[in-house]
Amino acid sequence: MPFQGGRSNRVWRCGDQVVKLYLPQQANPLFANDAKREVAALTALAGTGMAPRLRRCGRFEGQDWLIYDHITGAPWQRDAAHVAQLLGRLHDQPGFCALPQGRNGSADLEAQALAILAHCGDVAVAAQLIGQRPIGQVPPLRQLGVIHGDPVPGNLLAHDGTLTLIDWQCPQQGDPSEDLALFLSPAMQFIYRGATLSQAEEDSFLSAYPDPAIVGRYLSLKPWFHWRMAAYCLWRSHSGEPRDRQALRLELTALDQSSIAKRA
């Protein structure tokens, strides 16, 4: 039975296991689609409950595939504090091989966003976004950690009173505030859950994350994260998908609000 909801690969349920076939596609400027990273992550995190159990992997006609245990659950909908606790546990895990270094600091985020905008078909809107570039620099973080790289609601399965992260195709050795930003992103919440987080839900998430220093770092980088996500939504919208345009508007609103808050 094929699963619905994935935007990158083909996934089927076969009894108590899941078969995932990696599809060739246009390179994504924000979310990698790397089978080797997923295999490495599922192997390294075996037994932690944070990832499904890997059964086997290989290649078929030039395409990567893997099989892992099916988890009977539902995509995350409520209790943001639980997500913060899970991400805190993940960010404390030791690093493992096959992980590239993620973007780190405002200069890296700026360079990535500008690279995305350079490939956007809507040149006029891209130019407007460049003009909305945040001000203020945040230096790189010295001590990096394992990050999921795509902890959106669709990749968080709630089951048996706990949460498990799936779709490990873009983990990195990076700044943990990146995962916080991706989960809190109004665009990602809208795309995968159908609604943005309330202020109370965002506050609950940030209060529950176990490292206040990372929370403070996220708040410092918040305008940069929203600006980069806006660039990504513009890039995604080239296909004419209405929800990507709505996601862009949500990120621009959040960018304005976070920039005002930072100046206050």
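Source: prediction; values computed, not measured.
In this structure, Ser177 contributes its side chain and Leu180 its backbone to no donor-acceptor pair below 3.5 Å. Using modelled atom types, one side-chain atom of Ser237 and one backbone atom of Leu234 make a donor-acceptor pair closer than 3.5 Å. Side chain of Ser258 to backbone of Ala254: a donor-acceptor contact under 3.5 angstrom is found. No donor-acceptor pair closer than 3.5 Å links the side chain of Gln173 to the backbone N or O of Leu99.
Going from atom CG of Leu30 over to atom CZ of Arg236 covers 11.0 Å, rounded to the nearest 0.5 Å. A distance of 8.5 Å separates CG in Asn104 from CG in Leu109, rounded to the nearest 0.5 Å. Note: Thr253 OG1 to Leu255 CG = 9.0 Å, rounded to the nearest 0.5 Å. Rounded to the nearest 0.5 angstrom, Arg89 CZ and Gln93 CD are separated by 7.0 Å.
Leu252 has its side chain within reach of Leu248: a pair of non-hydrogen atoms, C-beta onward, lies under 4.5 Å apart. Contact of the Arg133 side chain with the Leu114 side chain is registered, since non-hydrogen atoms from C-beta on lie closer than 4.5 Å. Residues Cys120 and Asp122 fail the side-chain proximity criterion, which asks for heavy atoms closer than 4.5 Å. Annotation: side chain of Pro151 is in contact with side chain of Leu87 (closest heavy-atom distance under 4.5 Å). At a threshold of 4.5 Å between non-hydrogen side-chain atoms, the residues Asp69 and Val18 do not count as touching. Within the 4.5 Å cutoff, the side chain of Leu66 has heavy atoms near those of the Val39 side chain. Using a 4.5 Å cut-off on side-chain heavy atoms (C-beta onward), Ile67 and Trp12 make no contact. Under the 4.5 Å side-chain criterion, counting only non-hydrogen atoms from C-beta, Pro52 is in contact with Leu42.
Asp203 and Gln199 share a side-chain donor-acceptor pair at under 3.5 Å. A side-chain N or O of Asn9 and one of Asn33 form a donor-acceptor pair less than 3.5 Å apart. Between the side chains of Glu251 and His226, at least one donor N or O lies within less than 3.5 Å of an accepting N or O.
Here the shortest heavy-atom pairing between Ala81 and Ser204 reads CB-OG, 3.5 Å. Of all heavy-atom pairs spanning Ile116 and Pro29, the tightest one is CG1-CB, 3.6 Å. Across Pro94 and Val146, no two heavy atoms sit closer than the pair O-CG2, 3.6 Å. Here the shortest heavy-atom pairing between Thr162 and His82 reads CA-CE1, 3.5 Å. Taking both residues in full, the closest heavy atoms of Phe60 and Trp65 are given as N-CD1, 3.7 Å, listed atom of the first, atom of the second, then distance. The two residues Leu221 and Gly105 come nearest to each other via the heavy atoms CD2-C, 4.2 Å.
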Would Ile214 and Leu141 satisfy side-chain contact (heavy atoms from CB on, under 4.5 Å), going step by step from the backbone distance to the final call? CA-CA 10 Å; Ile214 294 299; Leu141 187 67; 4.1 Å; yes

Output, in order, the C-alpha distance, side-chain angles, deciding distance and verdict of side-chain contact (heavy atoms from CB on, under 4.5 Å) for Val11 and Val19. CA-CA 6 Å; Val11 184; Val19 178; over 6 Å; no

Please test Gln246 against Arg243 for side-chain hydrogen bond (donor to acceptor under 3.5 Å, both in side chains), starting from the C-alpha separation and ending with a verdict. CA-CA 5 Å; Gln246 176 62 17; Arg243 61 180 182 168; over 6 Å; no

One pair to check against side-chain contact (heavy atoms from CB on, under 4.5 Å): Tyr68 and Arg56. What are the steps and the verdict? CA-CA 7 Å; Tyr68 55 83; Arg56 61 187 68 178; over 6 Å; no

Kindly determine whether His70 and Gln17 satisfy side-chain contact (heavy atoms from CB on, under 4.5 Å), including the steps that lead there. CA-CA 5 Å; His70 175 258; Gln17 296 184 336; 5.7 Å; no

What's the verdict on side-chain hydrogen bond (donor to acceptor under 3.5 Å, both in side chains) for Gln137 and Ser106, showing C-alpha distance, side-chain angles and the deciding distance? CA-CA 6 Å; Gln137 296 296 310; Ser106 58; 2.9 Å; yes

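The local environment of CZ in Arg193 is crowded, with over 12 non-hydrogen atoms from other residues, nucleotides or ligands closer than 6.0 Å.
Under a hydrophobic-cluster definition in which Ile, Leu, Val, Met, Phe, Trp and Tyr are linked whenever side-chain heavy atoms come within less than 4.5 Å, directly or via other members, Val83 and Tyr218 are assigned to the same cluster. A chain of hydrophobic side-chain contacts below 4.5 Å, direct or via other Ile, Leu, Val, Met, Phe, Trp or Tyr residues, connects Leu163 to Leu165. By the rule that hydrophobic residues join a cluster once side-chain heavy atoms approach within less than 4.5 Å of another member, Leu90 and Leu54 end up as members of one cluster. The hydrophobic cluster containing Met50 does not contain Ile71, counting ILVMFWY residues as joined when their side-chain heavy atoms lie under 4.5 angstrom apart, directly or transitively. Phe225 is connected to Ile130 through a chain of hydrophobic side-chain contacts under 4.5 Å among Ile, Leu, Val, Met, Phe, Trp and Tyr, so both are in one cluster.
Considering Asp179, Asp175, Asp211 in turn, Asp175 is the only one that fulfils the salt bridge (Lys or Arg N to Asp or Glu O under 4.0 Å) rule with Arg217.
Using a 4.0 Å cut-off between charged nitrogen and carboxylate oxygen, Lys222 and Glu178 do not count as a salt-bridge pair.
Here Gln172 pairs with nothing under the side chain to side chain donor-acceptor pair (under 3.5 Å) rule; sequence neighbours left out.
Sorted by first and then second residue, the ring-ring contact (aromatic ring centres under 6.0 Å, His included) pairs with a member in residues 164-187 read Trp76-Phe183, His148-Trp168, Phe183-Phe205; sequence neighbours excluded. Sorted by first and then second residue, the ring-ring contact (aromatic ring centres under 6.0 Å, His included) pairs involving residues 98-118 (not counting sequence neighbours) form an empty list. The stretch residues 88-144 participates, sequence neighbours left out, in these ring-ring contact (aromatic ring centres under 6.0 Å, His included) pairs: His91-Tyr209. Within the structure, salt bridge (charged side-chain N to carboxylate O under 4.0 Å, His left out) contacts touching residues 24-50 (residues at least two apart or in different chains) are Lys20-Glu38, Asp34-Arg37.
Between Tyr232 and Phe31, the ring planes are perpendicular. Angles over 60° get that label, and only those under 30° would be called parallel. Under the 30°/60° scheme for interplanar angles, the aromatic rings of His238 and Trp235 are found to be tilted.
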Mind listing the side-chain donor-acceptor pairs of residues 153-160 below 3.5 Å, one per line with the distance, residues two or more places apart or on another chain?
unit_1	atom_1	unit_2	atom_2	d
Asn155	ND2	Asp150	O	2.9
Asn155	ND2	Asp150	OD2	3.1
His159	NE2	Thr164	OG1	2.7

